[in-house]
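In what follows, a structure is listed as structure tokens, so that the remarks can point back to it.
Small disclaimer: the values here were computed from a predicted structure and weren't measured. Sequence positions, counted from 1, serve as the residue numbers for this chain.
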Amino acid sequence: MLDLLVVVVRGGGHMSRLARPGRRQTPIPDPGSVLGRFAQSLRELRDQAGDPSYRLLARETARSGSPYSETSLRNAASGRFRPSWEVVEMFIRACVAFASEHPHRADAAARGWDVQVLLDEWTTCWREMSISDDVPAGGHVRPEPGAEGFSDVPGNLPVALMSFMGRRHELAEGRRLMRQVRLVTLTGVGGVGKTRLALRLAEQVADRFPGGVWLTELAAVTDRAMVDHAVAAVMGVPLRADEQPRAGIARALSGQQVLLVLDNCEHLLGEAADLARSLLQAVPGLSVLATSRQTLGVVGEHVLEVSPLPLPAEGGTDSVAVELFCERARAVAPEFRLTAENRAAVARVCRLLDGLPLALELAARRLRTLSVGDLLKRLDQRFLLLGTAGADRTAHPRHRTLRAVFDWSYELCTPDERRVWERLSVSAGSVSLGDAEVICGDGTPRSYAVFEAITALVDKSLLGRMETGGRTRLHMLETVRLYGRERLASSGGEGLARRRHHDRYLWLACQAEELYATPQQGLWLVRLGEEHGNLRQLFAAAPGADVESDLFFAGAYALWLYWVASGNVGEGALWMRRIAERHPEPPGPELSQVWCRAHWCAAIVLMLHGDRAGAERSLSLIEARLEGTGDGWTAIRAGVHQLRGLLALFVGDVEGVEEHSRAALLAGTCRAGMLTRQQALAQLGLAASMNGDRQAARDFFREGLDLSESCGEIWHRSYLLWTLAIECVETGETGEAMALLWQSLDLKRRLGDKLGAATVSEALAWALAQSGQPYLGALLLGAAHIAWKPAGAPQLWGFAHLVDGRDRSVTEIRRRLGDGRFDEAYRLGESLGLARALEKAARL
């Protein structure tokens, strides 16, 4: 392959290119050797690119985000030692970039270079050169100053046979730490790439340790007493008959600057920690770089957490995870390319595998047999799929398959830690610390044993933690979660774990509903938003006895305001429609009231989703069951009337709005959580406005505002401010209208109410146009329009009166701006999105 590559490169070169003034290249020491031919190929590639100086090539590498010095690039083509793949790759990329930017200087062939094709060819060539016996390793020949990744210090670091991708931040942070401290531990979940990162980091800092860089792999060490012996053997320390290994190591290293790399310490934490502490005390020139799934816990230790590779943004493929997957895929399936047809599937594979390098490499090897689409379909069985058939036979058995990696982590856990891992695996997304303690404990809010187990799982990199709103939240990688679920199913504890998860989040929903009509409303809606994935699981479970409990129906009802305020109307409608269809009547007499409330929730979300027929069915089912006279039944009657009035409002039936809204108010004291009185007053105000009685409309809106302010809730208050502002716009009080609308938007921001903000922004657009800013109004109309698309609800909820008003607003603003300017502003608003468009409007 190397000979062929040399011929190809030479065949395309400029034979008559004039010599470029500047530093003359030194002759290749042995041009007929494998290394010499490799260096000559690099030189001729540079010549074909247009003979850029090494300074210009270095500038190109800096632009790409992986800077290499002139000296490093010159040394790569010197023929005096084996260059790393990283510097070769950047040499090639820099040549391609230069040829593209200076086509008048480049050869004809260079102008059409495909960088990925070149890299594929050169990867094979570099590997052939690397394993050749006559190629001197970097430690045997001192390169010119500044060369990357090579040193003449003694040691046993292995030569990397695969390219190293990404990790720029971790490498920079690792170099910084190793300049400042003497013990650095790389931690992270199994398969995340700690060993590879440690080796790369050790290469980069090797010149600081003239006494040597020594790697001790502890994965195969099972006898705790052998840790010291393993280190001594690696370093070649001759031990005296009466000397302990640790003392012998300290004696041999005395006065030297040495780096000791301890790899895979997690199963020998105590011994590795004790050895590191003792040697660091005895040998002032020693530094230790360790890798472990858990910190060593030694005084002076600094931890660098190794995270999975960055994943592509939704709809994109630009990420290190995708780059790694594609490179490893081409190694086993040379014809593989990232194309328009497979890029979405590749990105999905990378996300499902959490960006774990080991998992991505094992998955890529499966492309010998499977297409990317077929691979994607089988990843729900990833522990079987990514097994021995695609394993690296040279790896330690614990690191050979995805299951082996997590089996090893599981074995290192105590029974309490395993139990928490398994029980937390039933959660979705992240979970608060308090909820985790309940789900994993014995039902009590606090359990010290559970807390200690959670702490240990965080230490072992099996749980991640983050802080949200001053609260600790825990999260698992999806691969860690799936392994836990497998173990949970095999242990027989799945039913209990799911029941505890189910009951906890139903209870949470009910707690929120109790506080909907209080000053804590906004906090609880945000809290429910954090638990969206876990709330979804309540309804995604298969029907059974559990879903026919009092708690289930109460929880289903309790989420009505969350579905609306969070902008998840479509999803709420999906779940509530299923519940309504599955339970057309109460499962038992004792469940009649909570069953009615659940159908009331179904009615409101189906109505706002645009399914008025479904809403009508649920309301009719409730009305057929209204039988009692207590406070609970009074609240339900009032709630039904309120929704009947809302249905009438949708179609412009003013009489129906007034009849049912007044009936809701006359029904008596309503259950606070249903917020019926504020809504009924708002509906009466809108009916009055539709009849042209603007003073009556304002009176109803202000009465509703007073009611909302007295109890402290802000969701209805935000809408009542909006309706009052519309009246001000209609009567020309534009300044007052805009003040009310900005107040409303501030409340919407506190609630996280995206659709509410879009609704209010429609009115703000018209007010801005009225005040002489029609371009800004058109921009907000575009931004508001785009906010409705993912919501699962028709724009402006489908209210005929509001939709007509918007249409009039659009027509008038278009008339003022002209079609061209209107379309320009509208499209700009769509591209900005609502949040940024509102920021822009607030500044002007």
Is the [atom1] atom of [X] crowded by more than 12 outside heavy atoms at less than 6.0 Å?
X	atom1	value
Tyr410	OH	yes
His475	NE2	yes
Arg348	CZ	no
Asp318	CG	no
Arg471	CZ	yes

Please give me the minimum heavy-atom distance between [X] and [Y], naming the atom from each residue.
X	Y	result
Glu89	Glu323	OE2-OE2, 4.4 Å
Asn534	Ser430	ND2-O, 3.0 Å
Ala428	Gln537	CB-OE1, 3.1 Å
Ser427	Leu424	OG-O, 2.6 Å
Pro312	Cys350	CD-CB, 4.5 Å
Val480	Trp421	O-NE1, 3.1 Å

Option passing side-chain contact (heavy atoms from CB on, under 4.5 Å) with Asn156 (candidates Leu215, Val261, Thr216):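 Exactly one pass, corresponding to Leu215.
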Out of curiosity, [X] [atom1] to [Y] [atom2], how far, rounded to the nearest 0.5 Å?
X	Y	atom1	atom2	value
Leu474	Leu462	CG	CG	12.5 Å
Asp459	Ile454	CG	CD1	12.0 Å
Arg293	Ser409	CZ	OG	3.5 Å
Leu362	Leu356	CG	CG	10.5 Å
Glu422	Cys413	CD	SG	10.0 Å
His169	Leu171	NE2	CG	10.0 Å

Under 3.5 Å, side chain of [X] to main-chain N/O of [Y], donor-acceptor pair present?
X	Y	answer
Arg93	Thr61	no
Thr291	Asn264	yes
Asp354	Thr479	yes
Arg351	Ala313	yes

Please identify each residue that fulfils side-chain hydrogen bond (donor to acceptor under 3.5 Å, both in side chains) with Glu217, with sequence neighbours left out.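 Not a single residue meets the side-chain hydrogen bond (donor to acceptor under 3.5 Å, both in side chains) criterion with Glu217.
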Could you work out, with side-chain hydrogen bond (donor to acceptor under 3.5 Å, both in side chains) as the rule, every residue matching Asp416, not counting sequence neighbours? Arg419
NZ/NE/NH1/NH2 to OD/OE distance under 4.0 Å, [X] and [Y]:
X	Y	result
Glu170	Lys194	no
Glu327	Arg330	no
Glu361	Arg328	yes

For a side-chain contact (heavy atoms from CB on, under 4.5 Å) check, start with the C-alpha distance between Leu463 and Met476, then their side-chain angles and the critical distance, and finish with the verdict. CA-CA 5 Å; Leu463 272 180; Met476 277 183 177; 3.6 Å; yes
Asp435 and salt bridge (charged side-chain N to carboxylate O under 4.0 Å, His left out): which partner among Arg527, Arg500, Arg423? Arg527
Would you please say whether a donor-acceptor pair under 3.5 Å links the side chains of Arg337 and Gln116?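 Checked: Arg337/Gln116 side chains show no N/O donor-acceptor pair below 3.5 Å.
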For Glu571 and His532: C-alpha separation, side-chain torsions, deciding distance, then whether side-chain contact (heavy atoms from CB on, under 4.5 Å) applies. CA-CA 11 Å; Glu571 183 173 342; His532 185 85; 3.0 Å; yes
Hey, mind stepping through Glu173 and Leu177 against side-chain contact (heavy atoms from CB on, under 4.5 Å) and telling me if it holds? CA-CA 6 Å; Glu173 179 64 10; Leu177 286 173; 4.0 Å; yes
Applying side-chain contact (heavy atoms from CB on, under 4.5 Å) to Phe336 and Val346, what does each step give before you reach the verdict? CA-CA 12 Å; Phe336 176 82; Val346 168; 4.1 Å; yes
